[in-house]
Amino acid sequence: MYHSVYEAWKKDPEGFWAEESKAIDWFEEPTKIFDEDMGVYGRWFTDGVVNTCYNCLDRHVQDNKGDNVALIYDSPVTNTVKKFTYNDLLADVSAFSAALKAKGIGKGDRVIIYMPMIPQTVVAVLACARIGAIHSVVFGGFAANELATRIDDCEAKLVVSASCGIEGARTIAYKPLLDDAIELSKHKPEATIIYQREQLAADMVEGRDFDFDQALLDNKGAEVPCEPMKATDPLYILYTSGTTGQPKGVVRDNGGHLVALNWTMHNIYGVKPGEVFWAASDVGWVVGHSYIIYGPLLSGNPGILFEGKPIGTPDAGTFWRIISEHKVKSLFTAPTAFRAIRKEDPNAEFIKKYDLSHFEALFLAGERADPDTIKWAEDVLKVPVIDHWWQTETGWTIAGNPMGLGFLPVKYGSPAVPMPGYDVQIVNDEGEQIEANELGNIVVKLPLPPGSMPTLWNAEERFIDAYMAEFPGYYKTADAGYIDEDGYLYIMARTDDIINVAGHRLSTGGIEEAIASHESVAECAVVGVTDKLKGQLPIGFVVVNSAVEKSAQEVEAEIVAQVRSLIGPVAAFKSVILVPRLPKTRSGKILRGTMQKIYDGLEWKMPATIDDPAILDEIKSAIDVYRS
Ligand code: COA
Ligand code: AMP
């Protein structure tokens with residue numbers, strides 16, 4: 001069935017998406033499916049008028065499903081399991097919408113949401129969608145500086161946050177980070193709304209900070225109509241790592257996003273309304289936006305909001321407990337979560353304690369799924385394990401093995417085939433198409449499908465430069481790979497400086513900027529080296545200023561602390577190797593790729609353009625010393 005559906009889309013893309021758009025409740029149905037003259041590469045459903053929150057909540061209530069479970073909050077770190085119906089969520093979202101309006105927030109205003117994995121986060125997100133405010137969720141593992149950059153870039157009028165997050169056994173105070181971020185930002189938000197958790201109370205700034213629960217209480221019972229939004233109006237901005245320290249604000253619209261996500265729930269994930277779908281990610285990432293919040297709510301699948309880790313909360317059986325207790329049909333997570341579970345419980349002893357009979361499929365994305373991990377998961381779970389490839393920019397799968405369209409044979413190491421909407425091609429650096437099985441740049445023929453980003457927030461030129469300019473007529477994914485003779489895609493590497501650490505996307509350029517701002521540093525280069533658990537880890541090769549009098553250990557510790565305070569713990573930056581010089585080409589380009597290969601013990605060739613080959617010996621010795 002996949003092949004016929006893909007061909008049907010290719011023959012008539014507008015007809016395909018017009019048909020799919022009928023599954024959405026519009027205030028005004030779109031008559032113009034695609035307008036190629038609008039935006040950078042055209043826009044979808046341009047005359048449609050819609051509201052995303054309406055489609056996620058109100059329409060289920062109107063369909064007499066208000067008492068059905070919409071969201072299950074499962075938090076082993078607070079020993080809480082709480083179920084919310086569509087009615088429950090609608091009541092809270094309406095009250096919070098009224099609270100936002102009372103603070104002067106309206107259509108088009110930007111609201112930053114810096115929150116842990118708690119139901120109040122979902123309420124805040126949906127309330128923004130309801131009143132047409134543009135939310136921008138910032139992952140809790142980012143430091144104040146990163147938060148400030150985002151507040152400035154989107155000129156947030158208000159920030160919603162919580163007193164703390166809970167990371168395993170640790171309580172992480174969020175509010176001081178928010179206070180620092182507001183201090184650092186040039187643009188000052190007018191107000192904040194803070195959810196006070198019982199684990200830690202946050203100090204509030206009189207007149208600026210307001211209490212989340214009080215806001216709900218003050219507006220209890222409020223009825224706030226859903227704001228009519230143009231399909232092309234932004235729903236959210238999600239910042240993701242670019243090739244510099246300045247993150248890119250990926251914009252998601254309302255109409256295309258609804259149509260595309262709804263399609264994926266049935267066709268890619270193969271779930272029917274009422275079946276439980278769990279994305280074990282964080283709402284701060286795109287997977288969280290699409291598949292913890294919007295996708296499952298939209299298609300009437302109870303979703304799970306999991307506040308915990310695959311291991312240690314309390315053990316490597318947590319995933320199996322949740323699958324069994326909530327009758328999960330499909331789980332979506334990053335391969336690193338399974339590597340963590342496997343490391344802790346290689347024989348999957350914990351599984352024996354649970355009934356997983358409802359479980360039908362495991363989906364992996366966010367980083368390369370190594371065949372070893374896939375096979376282990378297949379072995380212990382006895383269900384299909386599906387690798388699928390996508391990006392923050394696209395918001396949904398570019399290539400995968402669609403459960404709802406007939407499961408295709410698995411080829412280990414490949415996320416299978418392109419989804420309707422994506423004409424994926426491999427081109428050489430000159431932009432010419434190349435043969436099957438030849439490695440090249442992975443590009444997508446324009447236009448991108450509904451749901452994919454139309455632009456970057458306030459940065460159309462950057463959008464064009466970063467994604468459209470190099471291969472005219474195509475979207476540059478910045479991934480390299482090949483397509484085999486059966487049309488299966490293989491994702492091999494990034495073509496830019498992005499690395500993937502525990503499924504989290506980081507820019508080595510951004511980490512370098514943080515290191516370089518340390519007073520002892522003359523020069524540095526960050527590379528992503530292979531890590532058995534997290535996939536990749538950043539390692540910093542650092543040349544210190546000759547005048548520095550501190551010990552090597554002191555400098556190393558300070559640099560690690562500096563990255564943590566400027567970027568955040570999410571960078572997982574713990575390794576600094578001090579070196580006398582960095583290897584460069586004669587034109588001054590640092591040979592990062594060669595250093596990475598040396599560190600990983602891979603075969604490497606002396607670059608023909610190297611300025612001084614002796615430097616690579618110095619690097620090798622420094623690595624040997626570091627390792628010993
Ligand atoms: N708020 C504050 N700090 C956070 C955080 C958050 N929301 N999320 C992570 N951190 C911190 C961690 O506590 C850790 O801090 P530490 O250096 O003090 O130990 C640091 O950021 C690095 O986090 P991470 O790389 O996730 O490592 P970990 O050891 O805490 O967990 C895994 C490792 C594999 C268990 C975890 O990364 C995981 O479950 N990943 C898979 C699922 C996933 O989230 N994928 C994302 C996209 S699908
Ligand atoms: P993010 O925007 O954080 O989702 O990261 C997107 C990047 O992660 C992609 O460009 C890839 O480099 C990588 N990625 C995501 N999914 C996969 C996958 N299934 N296989 C290989 N790489 C992946």
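Just follow the structure's listing: the first ligand is 1, and inside any ligand the first atom is 1. The model shown is predicted, which means the values in this text are computed figures rather than measured ones.
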Taking only heavy atoms of [X] into account, list the atoms of ligand 1 that are under 4.0 Å away from them.
X	result
Y174	1 (N), 6 (C), 7 (N)
P310	35 (C), 39 (O)
V570	21 (O)
G503	46 (C), 47 (C)
V287	48 (S)

When you measure from [atom] to every protein heavy atom, which one gives the shortest distance, and what is it?
atom	value
atom 4 (O) of ligand 2	T392 N, 3.6 Å
atom 5 (O) of ligand 2	R505 CD, 3.6 Å
atom 8 (O) of ligand 2	N500 ND2, 3.1 Å
atom 22 (C) of ligand 1	P569 O, 3.5 Å
atom 16 (N) of ligand 2	G366 N, 3.1 Å
atom 8 (N) of ligand 1	F139 CZ, 3.2 Å
atom 18 (C) of ligand 2	E367 O, 3.3 Å
atom 6 (C) of ligand 2	W390 O, 3.6 Å

Kindly say whether I499 contributes a backbone atom to a donor-acceptor pair with the side chain of R494 at under 3.5 angstrom?
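No; zero donor-acceptor contacts below 3.5 Å.
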
For the backbone of P450 and the side chain of W396, can you confirm whether one donor and one acceptor N or O come within less than 3.5 Å of each other?
yes

Could any protein non-hydrogen atom be found less than 4.0 Å from atom 6 (C) of ligand 1?
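Given the 4.0 Å cut-off, atom 6 (C) of ligand 1 counts as touching protein heavy atoms.
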
Option of least heavy-atom distance to [atom] (set: [options]):
atom	options	answer
atom 16 (P) of ligand 1	R170, K534, E307	R170
atom 9 (C) of ligand 2	I498, D479, V286	D479
atom 4 (C) of ligand 1	K343, M117, E167	E167
atom 43 (C) of ligand 1	A337, A280, G366, A365	A280

Can you confirm whether the side chains of Y475 and Q391 place a donor and an acceptor under 3.5 Å from each other?
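Yes, Q391 and Y475 have a side-chain donor paired with an acceptor closer than 3.5 Å.
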
Answer side chain, backbone, both or neither: which part of H388 comes under 4.0 Å from ligand 2, heavy atoms only.
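Just the backbone.
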
Report the relative orientation of the aromatic rings in H289 and Y236; use parallel for angles under 30°, tilted for 30 to 60°, perpendicular for over 60°.
tilted

Mind telling me whether F212 and Y195 have parallel, tilted or perpendicular rings, with 30° and 60° as the class edges?
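If you compare the ring of Y195 with that of F212, the planes turn out perpendicular.
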
For I491, counting its heavy atoms only, list the atoms of ligand 2 lying under 4.0 Å from any of them.
21 (C), 22 (N)

Is there at least one pair of N or O atoms, one from S281 and one from ligand 1, spaced under 3.5 Å apart?
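No, since none of the N or O atoms of S281 sits under 3.5 Å from an N or O of ligand 1.
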
Geometry only, no angles: is K574 polar-contacting ligand 1 at N/O separations under 3.5 Å?
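Checking ligand 1 against K574, an N or O pair does fall under 3.5 Å apart.
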
Between R564 and ligand 1, find which residue part has any heavy-atom pair under 4.0 Å and reply side chain, backbone, both or neither.
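R564 to ligand 1: side-chain contact only, backbone stays beyond 4.0 Å.
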
Report the C-alpha distance between D486 and K411 in whole Å, list the side-chain angles of each, state the deciding distance to 0.1 Å, and finish with yes or no for salt bridge (charged side-chain N to carboxylate O under 4.0 Å, His left out).
CA-CA 10 Å; D486 298 324; K411 292 196 188 192; 2.6 Å; yes

